[in-house]
Amino acid sequence: EIYTLSLHDALPICVSIWGPWEQFYQTNVVGTKLVMEACRHFGVQRLVYISSPSVYAAARDQLAIKEEAAPQENELNFYIKSKLMAERIVRSYSQVSSVILRPRGLFGIGDTSIFPRILRLSQKLAIPLIRNGQQMMDMTCVENVALAVRLALEIPEAQGKVYNITNGESRRFRDMLDEALDGLQVRKRYVRLPAAFLGLLAQGFESFYRFFHMLTQIGRASCRERV
């Protein structure tokens, strides 16, 4: 029997930027290696690997990022590092036709991450805003990701390509929140927080945790840079 299509989304069960390197390595790197070996062995004709736009992450604002802008190495955290390593493994298997997708900020039916967290913050405390929520960002409806996966599986010309996937609607973060909360008929509660203060606070927490060895991993970039 010849298997013609395959979809691979390697990530830890509990997605987080924190954790021991071994967890990310075994899941994203070793796991991807095993999937590629299986694809080669069983003659899979097209694999779609779901990567992450986190590979572009840097301690600066970035707009309209192109696929080729991804660095060869990114030590911001272990999750990003492992994703880049997994992408290299996928590309190294010339015997297996593959497509890499990097979907940004998934939301929609079944969302257990982005909007549930926003709703909890809005109902219990307040949604923190840095720069008054004027940052430009784009997200992706899960149906659009599903369509991108289907096209990546079916279109021959997609072979060997990497694609960023978004709704193509860059908007201010505050505007997106307002529209979502209005649609859900949820009371909007925001609190403005200065970036400089949060940077110092993050540095303090990072130093505290590092001193008491309470975190299994702190990336090379400081928390202040991530803020």
Side-chain angles (χ1 to χ4, degrees), residues 1-57 65-114 139-167 216-217 219-220:
E1 182 178 1
I2 300 298
Y3 299 82
T4 58
L5 305 174
S6 179
L7 176 66
H8 177 43
D9 180 13
L11 73 169
I13 294 175
C14 297
V15 180
S16 172
I17 64 171
W18 302 110
W21 166 242
E22 189 65 18
Q23 176 186 6
F24 293 102
Y25 179 77
Q26 289 296 328
T27 303
N28 288 336
V29 182
V30 176
T32 298
K33 177 77 172 177
L34 293 174
V35 168
M36 297 307 296
E37 281 293 326
C39 288
R40 181 190 60 79
H41 178 77
F42 289 106
V44 169
Q45 297 175 10
R46 174 62 58 85
L47 170 110
V48 176
Y49 176 65
I50 307 299
S51 186
S52 169
S54 297
V55 299
Y56 304 111
I65 304 173
K66 300 295 184 182
E67 288 82 356
E68 57 270 20
Q72 290 296 312
E73 303 286 343
N74 190 334
E75 300 285 344
L76 190 65
N77 60 53
F78 288 158
Y79 173 74
I80 294 171
K81 179 180 179 179
S82 66
K83 277 294 190 179
L84 282 171
M85 291 176 68
E87 287 192 8
R88 289 196 294 271
I89 290 172
V90 171
R91 287 191 290 264
S92 71
Y93 277 75
S94 58
Q95 316 96 313
V96 181
S97 171
S98 62
V99 182
I100 296 174
L101 302 182
R102 297 170 181 155
R104 162 71 180 167
L106 274 66
F107 72 94
I109 297 174
D111 179 13
T112 60
S113 179
I114 296 177
M139 298 183 68
T140 317
C141 181
V142 67
E143 287 85 355
N144 288 336
V145 178
L147 176 60
V149 170
R150 177 180 175 181
L151 295 174
L153 288 169
E154 296 179 350
I155 296 178
E157 291 79 9
Q159 176 180 344
K161 301 291 183 60
V162 180
Y163 296 98
N164 293 333
I165 307 298
T166 75
N167 282 352
T216 55
Q217 179 248 333
R220 292 189 180 180

Under 3.5 Å, is there a donor-acceptor pair between the Asn28 and Tyr79 side chains? no
N/O donor-acceptor pair under 3.5 Å between Arg88 side chain and Gln72 backbone: yes
In terms of heavy-atom contacts, Ser51 and Arg102 come closest through CB-CG, 4.0 Å
What one should report as the nearest heavy-atom pair of Val142 and Gly108 is CG1-CA, 4.2 Å
Apply side-chain contact (heavy atoms from CB on, under 4.5 Å) to the pair Arg91 and Val162, showing each step before the final yes or no. CA-CA 10 Å; Arg91 287 191 290 264; Val162 180; 4.0 Å; yes
If I compare all heavy atoms of Ile80 with all of Val55, which pair ends up nearest, and what's the gap? CG2-CA, 3.8 Å
With distance as the sole test, does Asn74 use its side chain to make a donor-acceptor pair with the main-chain N or O of Ala57 at under 3.5 Å? yes
My understanding is that only one of Pro53, Ser52, Ser54 makes a side chain to side chain contact (heavy atoms under 4.5 Å, CB included) with Arg104; could you say which? Pro53
For the residue pair Ala158 and Arg46, what are the closest heavy atoms and their distance? CB-NH1, 4.2 Å
Rounded to the nearest 0.5 angstrom, the OH-CD1 distance for Tyr163 and Ile100 is 11.5 Å
For a quick test of reading the model, state the closest non-hydrogen atom pair linking Ala86 to Thr32 and the distance between them. CB-OG1, 3.6 Å
Does the side chain of Leu47 come within less than 4.5 Å of Val99's, by heavy atoms? no
Mind checking the CD-OG spacing from Gln23 to Ser82? Nearest 0.5 Å is all I need. 9.5 Å
Tyr93: partners by ring pair (Phe, Tyr, Trp, His ring centres under 6.0 Å), with sequence neighbours left out: none
For the backbone of Gly105 and the side chain of Thr140, can you confirm whether one donor and one acceptor N or O come within less than 3.5 Å of each other? no
Ile50 side chain near Pro103 side chain, heavy-atom distance below 4.5 Å: yes
Does CZ in Arg150 sit with more than 12 non-hydrogen atoms of other residues, nucleotides or ligands closer than 6.0 Å? no
Over all atoms of both residues, closest heavy-atom pair of Tyr56 and Lys66: CE2-O, 3.6 Å
Could you list the residues that satisfy ring pair (Phe, Tyr, Trp, His ring centres under 6.0 Å) with Tyr25, not counting sequence neighbours? Trp21
Spacing of CD belonging to Gln95 relative to SG belonging to Cys39, to within rounding of 0.5 Å: 11.0 Å
Main-chain N/O of Ile165 paired to Asn144 side chain as donor or acceptor, under 3.5 Å: no
Would a 4.5 Å heavy-atom cut-off, applied to side chains only, mark Gln45 and Val96 as touching? no
Just by distance, do the side chain of Arg40 and the backbone of Ser94 share a donor-acceptor pair under 3.5 Å? no
Could you tell me whether the side chain of Glu67 and the main chain of Asn164 form a donor-acceptor pair under 3.5 Å? yes
CD of Glu73 to CE of Met85, rounded to nearest 0.5 Å, is 8.0 Å
Taking the side chain as C-beta and beyond, is there a heavy-atom pair between Leu106 and Asp111 under 4.5 Å? no
Test log, rule salt bridge (charged side-chain N to carboxylate O under 4.0 Å, His left out), inputs Glu87 and Lys83: CA-CA 6 Å; Glu87 287 192 8; Lys83 277 294 190 179; over 6 Å; no
Value for CD (Gln26) from CG (Leu34), rounded to nearest 0.5 Å, stands at 9.0 Å
